Undergrad: 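Have a look at this one before I ask anything.
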2 protein chains.
Amino acid sequence: MSRNALSRDQVLEAAAGLVKQHGPDALTMRKLAAGLGTAVTSIYWHVGNRESLLDALVERTVQEMGAIRPTGRTPAERIVSVARRLRRELRARPHLIAMVHERGLTERMFLPAQRALVHEVHAAGLRGARAAEAVRAVQVQIVGFVLVERNRERAPVQSPGEEELWGSASAEDDPAEQDPALARALARPADPERLFAVSVRALVESLLSQGNRQAGQAN
Amino acid sequence: MSRNALSRDQVLEAAAGLVKQHGPDALTMRKLAAGLGTAVTSIYWHVGNRESLLDALVERTVQEMGAIRPTGRTPAERIVSVARRLRRELRARPHLIAMVHERGLTERMFLPAQRALVHEVHAAGLRGARAAEAVRAVQVQIVGFVLVERNRERAPVQSPGEEELWGSASAEDDPAEQDPALARALARPADPERLFAVSVRALVESLLSQGNRQAGQAN
DNA sequence: ACCTGAACACCGTTCAAGT
DNA sequence: ACCTGAACACCGTTCAAGT
């Protein structure tokens with residue numbers, strides 16, 4: 001009797017819209033059905049249940065995460081450019097990325113990026129197991145940073161906050177006493193852009209310098 | 001009429017038990033009431049509502065995260081020891097830590113650890129804003145690593161997994177072609193213990209080496 | 001001050017029945 | 001093959017009423 005047959009894709013599209021705007025909690029089967037003008041049970045026919053609907057959305061997001069083109073001249077620069085790009089992509093889809101993370105698929109989502117990192121690390125002279133380790137270290141650092149960063153952004157007022165702890169005088173042997181500039185710097189909110197660049201660069205330089213020292217043998 | 005008056009602490013204790021064992025989703029007001037042998041509404045009188053109950057549990061967890069005692073001789077060693085300790089603490093309370101994270105309180109939970117890191121970075125000769133940056137970089141790396149690590153553990157089979165991608169032959173310019181040891185290493189599951197140590201050490205060495213080069217001026 | 005049951009407005013999911 | 005309403009078993013929360 002349905003003149004406008006409901007398709008699985010329509011359901012996914014509408015569901016993605018709800019999640020993008022108001023987060024996964026806003027996606028209820030009943031609201032979704034109401035928005036599509038069908039009975040709740042029709043949705044079940046198309047996508048199984050709520051859990052597999054979310055799974056499908058996550059799968060979509062993983063696919064959307066396209067290839068990465070590094071820019072820059074040195075391998076270190078190019079790795080940093082990949083890192084920047086990844087950070088941007090992640091921050092553009094907060095809700096969906098959180099869902100990918102919750103389902104433990106972050107790793108898989110980053111396989112394309114991993115290939116790019118492998119290329120650069122290899123170009124820098126790292127080989128074998130050591131190269132693999134460097135790639136993974138950088139990868140974990142990037143993803144970890146974004147996770148922590150998002151956490152910090154969602155954070156409320158940070159009740160006893162860093163200012164209170166570092167602003168007031170403390171124990172005698174506390175370095176903050178002797179180094180007011182350090183204390184002040186920690187009392188200020190961190191600049192994530194700069195912290196990200198500094199962290200990645202520091203890690204990459206350290207990892208790649210091993211490549212210059214070693215001849216090229218594995219493990 | 002209550003001979004055994006229900007206390008707020010009893011409610012928190014029972015709630016913490018439910019969360020620790022089966023995660024936050026298992027904590028429903030009705031189950032909690034049933035376990036305590038009271039009406040659901042009594043719980044509301046003591047803790048407000050479910051949200052503020054969870055808030056209270058999170059607050060508890062933050063408090064439990066005690067002081068950190070670094071071990072080792074060099075500042076680098078001592079920082080690594082702090083990192084190890086933090087990682088262990090985090091992994092011991094997965095559900096509660098996830099809740100702390102969701103509420104954006106990870107930062108605050110780590111203020112004690114931050115103090116320890118400040119001390120060591122200062123001992124290594126870093127000063128002012130640069131010292132603060134080093135502390136934050138290490139801190140973010142540790143927390144980020146654990147978040148990614150937990151994600152990886154929860155992950156299912158990783159359908160197209162790393163093996164498939166790196167195991168088979170690929171594009172010509174792919175370094176994996178020329179470096180089978182690298183390809184094999186990436187096909188194997190990562191050893192998180194080792195990766196953590198390598199990452200932290202690499203970052204710390206790189207950051208602390210700046211301390212040896214600079215005189216000690218701020219920013 | 002503390003506890004209670006009843007009621008409200010939501011959920012996800014199943015099932016038997018329609019076309 | 002696709003859609004439907006009714007029903008079930010859950011939720012969190014409020015409220016008026018008890019002691």
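So that the names make sense, note that chain A is the first sequence line, chain B the second, and so on, each numbered from 1. Since the structure is predicted, the reported quantities are computational estimates derived from the model, not experimental observations.
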Undergrad: From the options C:dC11, D:dT4, D:dT13, select the nucleotide whose nearest atom is closest to the side chain of A:T28.
TA: C:dC11
Undergrad: Are the side chain of B:D55 and the backbone of B:V58 linked by a donor-acceptor contact shorter than 3.5 Å?
TA: no
Undergrad: Going by salt bridge (charged side-chain N to carboxylate O under 4.0 Å, His left out), A:E193 matches just one of A:R88, A:R84, A:R87. Which one?
TA: A:R87
Undergrad: Round to the nearest Å and state the distance from B:W45 atom CH2 to D:dC15 atom C1'.
TA: 17 Å
Undergrad: Can you check whether A:T41 has a side-chain N or O nearer than 4.0 Å to OP1 or OP2 of C:dT14?
TA: no
Undergrad: Tell me if the CD atom of A:E13 is crowded by more than 12 foreign heavy atoms within 6.0 Å.
TA: no
Undergrad: Does A:N49 make a side-chain N or O approach to OP1 or OP2 of C:dG12 shorter than 4.0 Å?
TA: no
Undergrad: Check whether any side-chain N or O of B:H46 sits under 4.0 Å from OP1 or OP2 of C:dA1, and answer yes or no.
TA: no
Undergrad: Of the candidate nucleotides D:dT4, C:dT4, D:dG12, which contains the atom at the shortest distance from the side chain of B:A39?
TA: C:dT4
Undergrad: May I ask you to evaluate whether A:S42 reaches the phosphate of D:dC2, defined as a side-chain N or O under 4.0 Å from OP1 or OP2?
TA: no
Undergrad: What is the distance, to the nearest angstrom, from the CD atom on A:Q10 to the P atom on D:dC3?
TA: 9 Å
Undergrad: Ion pair present between A:E107 and A:R136, side-chain N to carboxylate O less than 4.0 angstrom?
TA: no
Undergrad: Whole angstrom is fine here: how far is it from CG in A:L54 over to P in C:dT13?
TA: 10 Å
Undergrad: What's the CD1-C1' distance between B:I43 and D:dC11, to the nearest Å?
TA: 14 Å
Undergrad: Return the nucleotide paired to C:dA1: Watson-Crick means purine N1 to pyrimidine N3 with N6-O4 or O6-N4, wobble means G-U with N1-O2 and O6-N3, both under 3.5 Å.
TA: D:dT19
Undergrad: Between A:T38 and A:R30, which has a closest nucleotide on DNA chain D that is more 5'?
TA: A:T38
Undergrad: If you check every side-chain atom of A:L6, which of C:dC3, D:dC3, D:dC2 has the closest atom?
TA: D:dC3
Undergrad: Between C:dG12, C:dC3, D:dC2, which nucleotide gets closest to the side-chain atoms of A:M29?
TA: C:dG12
Undergrad: Test side chain to side chain contact (heavy atoms under 4.5 Å, CB included) on A:R60 and A:L12; report intermediate values, then the result.
TA: CA-CA 9 Å; A:R60 269 197 170 190; A:L12 290 183; 4.1 Å; yes
Undergrad: Now, which nucleotide makes the Watson-Crick or G-U wobble pair with D:dC11, with each of the two distances under 3.5 Å?
TA: none
Undergrad: Provide, to the nearest angstrom, the distance between the CG atom belonging to A:L27 and the P atom belonging to C:dC11.
TA: 11 Å
Undergrad: May I have the distance from B:D25 (atom CG) to D:dC10 (atom C1'), rounded to whole angstrom?
TA: 14 Å
Undergrad: Mind calculating the distance between NZ (A:K31) and P (C:dA9) to the nearest angstrom?
TA: 16 Å
Undergrad: Calculate the interatomic distance between B:R50 atom CZ and D:dC11 atom C1'; express it in whole Å.
TA: 10 Å
